[in-house]
Protein chains: 2
Amino acid sequence: MISTDHSVKEQIVSTADRLFYRQGYNLTGINQIIEEAGVAKASLYYHFPSKEDLCVAYLKRRYEKWSSMLSRYLEGVSDPAKAIVRCFECRSEYLISNDFSGCSYIRIIAEMPQRSDKINQQAVLNKEKQHQFFIDQVKRMKDIPSDNVLDLANTIYLLFDGATVQSQVYRNVLPIENAIRALQKLI
Amino acid sequence: MISTDHSVKEQIVSTADRLFYRQGYNLTGINQIIEEAGVAKASLYYHFPSKEDLCVAYLKRRYEKWSSMLSRYLEGVSDPAKAIVRCFECRSEYLISNDFSGCSYIRIIAEMPQRSDKINQQAVLNKEKQHQFFIDQVKRMKDIPSDNVLDLANTIYLLFDGATVQSQVYRNVLPIENAIRALQKLI
DNA sequence: AAAAATTCAGACAAACCTGTCTGGCTGTAA
DNA sequence: TTACAGCCAGACAGGTTTGTCTGAATTTTT
């Protein structure tokens, strides 16, 4: 039960993750997912009641991938200012290794503008975690007056999303490099 | 001939503009467009060979709308630093009056990741015009060393896209206000 | 061994999609 | 008057979509 459950369900999620991220949610059909995953359609609907639920699993998976990659980039880094720069450097590698597909949370919101459903809630939740990361780092920085912490974190967060989106648009990491230069004047 | 031609084609484009921007390109069907526009399907395909071509017209229309709105915001403004702030204030009203649908160029690229077609070219072209606006304004600013012009313009451009995207995600204009605060420390 | 959970292949339903085509109507231009 | 541009309604083709269902096989748990 454990090994088979893991194998089939894992195969479905990882295939959906790859296709949703590369092609977009609306342009990826269930039939393509099951074909490339090598599983039966009934197996997919056994684990996920609907495509929508599979999408939520996809967004969670994206966060896990980003999060573990970021952890690797932060190994041995104790200075919070350095950690923020490393986060942007991580973003650069993340986008390169994912064919400049941008931010999955932003993209899913761009694709499905109607709100109040599971998908949008998960996307916004994930984005808030990114926001919180910058708040946490700035709080750890010395000589930042406490009433400026949120402002600085928000500015960094704006640069982060701007750089991610522009890297997707132009298909290169120059916007990330621009953001890092801007960062270094701020912190 | 002139009035009828204008009336029907214009009706198609303005309806497509509204629906593509609100619902997204892939979730909007030709049938919904012709129904809400009150025109025949043959009329739509008389003016536009394909949905793709209609989308290009939509992107051009979006630029016209943004551009004319920005011009109103810049009336009587001669100081370039003030013009940049006004551009962000304009963005705030633009997003509010469009139900926080974000940037149509970014969204279309997010929806259709495959490149080298007319749609992506038009989207990138429109984004480059936004970029160029900031470059032009920064160039007009006094006491900016010429080798810092591009860096400053790029930073502002990053804040602009970051604020636009986050306003769409969170459905409010707080990110724009954050960006304006960051701006005022830069210029 | 019996029961329950998991997986399979694939048909099927009902709805949608883009784009084409038929055939006819109207108004303007030559 | 003839010709053509513009527009109409709607059928149609050929494909796609998500999700359901059948019925059987396999694995795991009890």
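Computed over heavy atoms, backbone and side chain alike; hydrogens, waters and symmetry mates excluded. Throughout, a chain's letter reflects where its sequence line sits, starting with A, and its residues are numbered from 1. Predicted model, so just to flag it, every value in this text is computed and none were measured.
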With sequence neighbours excluded, tell me which residues meet salt bridge (Lys or Arg N to Asp or Glu O under 4.0 Å) with [X].
{"X": "Glu89(B)", "answer": "Arg86(B)"}
{"X": "Lys65(B)", "answer": "Asp17(B)"}
{"X": "Asp79(A)", "answer": "none"}
{"X": "Lys127(A)", "answer": "Asp161(A)"}

Whole angstrom value for the distance that separates [atom2] of [N] from [atom1] of [X]:
{"X": "Lys9(A)", "N": "dT7(C)", "atom1": "NZ", "atom2": "C1'", "answer": "15 Å"}
{"X": "Glu10(A)", "N": "dT7(C)", "atom1": "CD", "atom2": "C1'", "answer": "17 Å"}
{"X": "Leu54(B)", "N": "dG19(C)", "atom1": "CG", "atom2": "C1'", "answer": "13 Å"}
{"X": "Leu44(B)", "N": "dT18(C)", "atom1": "CG", "atom2": "C1'", "answer": "11 Å"}
{"X": "Gln11(B)", "N": "dC7(D)", "atom1": "CD", "atom2": "C1'", "answer": "14 Å"}
{"X": "Lys51(B)", "N": "dC17(C)", "atom1": "NZ", "atom2": "C1'", "answer": "8 Å"}
{"X": "Tyr45(B)", "N": "dC12(D)", "atom1": "OH", "atom2": "P", "answer": "19 Å"}

Check the interface with nucleotides 13-16 of chain D: list each N/O to N/O pair with the protein under 3.5 Å, or write none.
none

Please identify each residue that fulfils side-chain hydrogen bond (donor to acceptor under 3.5 Å, both in side chains) with [X], with sequence neighbours left out.
{"X": "Gln32(A)", "result": "Glu36(A)"}
{"X": "Thr28(B)", "result": "Gln23(B)"}
{"X": "Glu93(B)", "result": "Tyr73(B)"}
{"X": "Ser104(A)", "result": "none"}

So, the side chain of Glu111(A) versus the backbone of Tyr25(A): is there a donor-acceptor pair under 3.5 Å, distance only?
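Confirmed, Glu111(A) side chain pairs with Tyr25(A) backbone.
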Taking 4.0 Å as the cut-off, does a side-chain nitrogen or oxygen of Ser43(A) come that near to OP1 or OP2 on dC8(C)?
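For dC8(C), OP1 or OP2 has a side-chain N or O of Ser43(A) closer than 4.0 Å.
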Exercise answer: donor-acceptor pairs, residues 140-152 of chain B side-chain atoms, under 3.5 Å, sequence neighbours excluded:
from, atom 1, to, atom 2, distance (Å)
Arg140(B), NH1, Gln137(B), OE1, 2.8
Arg140(B), NH2, Ser78(B), O, 2.5
Asp151(B), OD1, Arg181(A), NE, 3.2
Asp151(B), OD2, Arg181(A), NE, 3.4

For the helix from dA1(C)-dT30(D) to dA30(C)-dT1(D), how many degrees between its two end axes (five pairs per end), to the nearest 10°?
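The two end axes of the helix from dA1(C)-dT30(D) to dA30(C)-dT1(D) meet at 10°.
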Would you say the side-chain atoms of His131(A) and Asn154(A) include a donor-acceptor pair closer than 3.5 Å?
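Yes, because at least one side-chain N or O of His131(A) sits under 3.5 Å from a partner of the opposite role on Asn154(A).
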Where the side chain of Tyr46(A) is defined as all heavy atoms beyond and including C-beta, which of dT20(D), dT6(C), dC7(D) is the nearest nucleotide?
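When the side chain of Tyr46(A) is considered, dT6(C) is the closest of dT20(D), dT6(C), dC7(D).
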At a heavy-atom distance below 4.0 Å, what parts of residues 21-42 of chain B sit against DNA chain C?
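By residue number: Thr28(B), Gly29(B), Ile30(B), Asn31(B), Lys41(B), Ala42(B).
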